Amino acid sequence: QVQLVESGGGLVQAGGSLRLSCAASGRTFSRYLMAWFRQAPGKEREFVAAITRSGSSEYYANSVKGRFTISRDNAKNTGNLQMNSLKPEDTAVYSCAARSGDYYTTSHWEYDYWGQGTQVTVSS
């Protein structure tokens, strides 16, 4: 199995940027498709972005397309989420997740491994 630890969250003003990181340990990171989800208070967990094992394909929720960029470095066992032009509605706990294989899905229950999450707060 793989262990995931997020970092990089914080407080930022609207229009600002943050870069989240996800450090993986355990089994070979390149075996897993990686994704980011977020959950705001009182709301369900929401898909944000995903990237295939080799990094050749990326997928985004419509709400973040053009503002967020997902990436990964398999040699360093890390994944990243660059978030630009942040809005107050982006405020949430952001978690990275991994699943075996290269099948992309927005359904959080189909991911096998999760980090503990990192808080992102965007002030207006």
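Everything numeric in this text was worked out from a predicted model, so none of it was measured. When a residue number appears, it is its place in the shown sequence, counting from 1.
- Stacking of R45 on the aromatic ring of W114 is recorded, both the 6.0 Å distance cut-off and the 45° axial limit being met.
- Here the side chain of E46 pairs no donor or acceptor atom with the backbone of F37 at under 3.5 angstrom.
- Distance CG/D112 to OG/S100: 5.0 Å, rounded to 0.5 Å.
- Contact between T91 and Q119 at its shortest, heavy atoms only, is CG2-NE2, 4.0 Å.
- Here CD of Q39 is found 8.0 Å from NE2 of H108. Values are rounded to the nearest 0.5 Å.
- In the model, N80 has no side-chain atom that pairs as donor or acceptor with a side-chain atom of Q82 under 3.5 Å.
- For the pair K87 and R67, the minimum side-chain heavy-atom distance is below 4.5 Å.
- The shortest non-hydrogen separation linking R72 to I51 is NH1-O, 3.6 Å.
- Residues L86 and V48 are members of one and the same hydrophobic cluster, defined by side-chain heavy-atom contacts under 4.5 angstrom among Ile, Leu, Val, Met, Phe, Trp and Tyr.
- Criterion: ILVMFWY side-chain heavy atoms under 4.5 Å apart, direct or through other members. Under it, F47 and M34 are not part of a common hydrophobic cluster.
- For the residue pair S17 and S85, the shortest heavy atom distance occurs at OG-N, 4.3 Å.
- Side-chain N or O atoms of Q1 include none that pairs as donor or acceptor with a backbone N or O of G26 at under 3.5 Å.
- Side-chain contact check for M83 versus Y94: some heavy-atom pair is nearer than 4.5 Å.
- The side-chain heavy atoms of T121 and V12, taken from C-beta on, include no pair separated by under 4.5 Å.
- Side chains of S30 and T28: a donor-acceptor N/O pair is absent below 3.5 angstrom, by distance only.
- Residues Q116 and V5 have side chains in contact (heavy-atom distance under 4.5 Å, counting atoms from C-beta outward).
- Remark: the Q13 side chain and the S123 side chain contain no N/O donor-acceptor pair separated by less than 3.5 Å.
- The backbone N or O of S56 lies less than 3.5 Å from a partner atom in the side chain of S54, making a donor-acceptor pair.
- Put simply, L20 and V122 are part of the same group of oily side chains (I, L, V, M, F, W, Y) that touch within less than 4.5 Å, one to the next.
- Defined by atom type and a distance below 3.5 Å, a donor-acceptor pair is missing between the side-chain atoms of D73 and T78.
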If you apply the rule side chain to side chain contact (heavy atoms under 4.5 Å, CB included), what do you find for V93 with T118, and how did you get there?
CA-CA 5 Å; V93 174; T118 185; over 6 Å; no
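- With rounding to the nearest 0.5 Å, the separation of OG1 in T69 from CG in N84 is 6.5 Å.
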Test side chain to side chain donor-acceptor pair (under 3.5 Å) on T52 and D102 and set out the steps.
CA-CA 6 Å; T52 52; D102 236 5; 4.6 Å; no
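- With sequence neighbours excluded, the residues that form a ring pair (Phe, Tyr, Trp, His ring centres under 6.0 Å) with Y32 are Y113.
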Does F68 form a side chain to side chain contact (heavy atoms under 4.5 Å, CB included) with L81? I'd like the steps, not just the answer.
CA-CA 7 Å; F68 290 12; L81 184 68; 4.2 Å; yes
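- A search for ring pair (Phe, Tyr, Trp, His ring centres under 6.0 Å) contacts involving Y59 returns Y104, not counting sequence neighbours.
- Side-chain contact between R53 and N74 is absent, with no heavy-atom pair separated by less than 4.5 Å.
- Looking at every heavy atom in both residues, I70 comes nearest to W36 through CD1-CD1, 3.6 Å.
- In terms of heavy atoms, S124 sits closest to A14 at CA-CB, 4.4 Å.
- Residues V120 and D90 are not in side-chain contact: their nearest non-hydrogen atoms beyond the backbone lie 4.5 Å or more apart.
- Pairing each heavy atom of V2 with each of A24, the nearest pair is CG2-CB, 3.9 Å.
- Distance check: S21 OG to L4 CG gives 12.5 Å after rounding to the nearest 0.5 Å.
- No side-chain heavy atom of F29 sits less than 4.5 Å from a side-chain heavy atom of K76.
- Here the straight-line distance linking atom SG of C22 with atom CD of E6 works out to 5.5 Å at 0.5 Å rounding.
- Within the 4.5 Å cutoff, no side-chain heavy atoms of R19 are placed close to those of S7.
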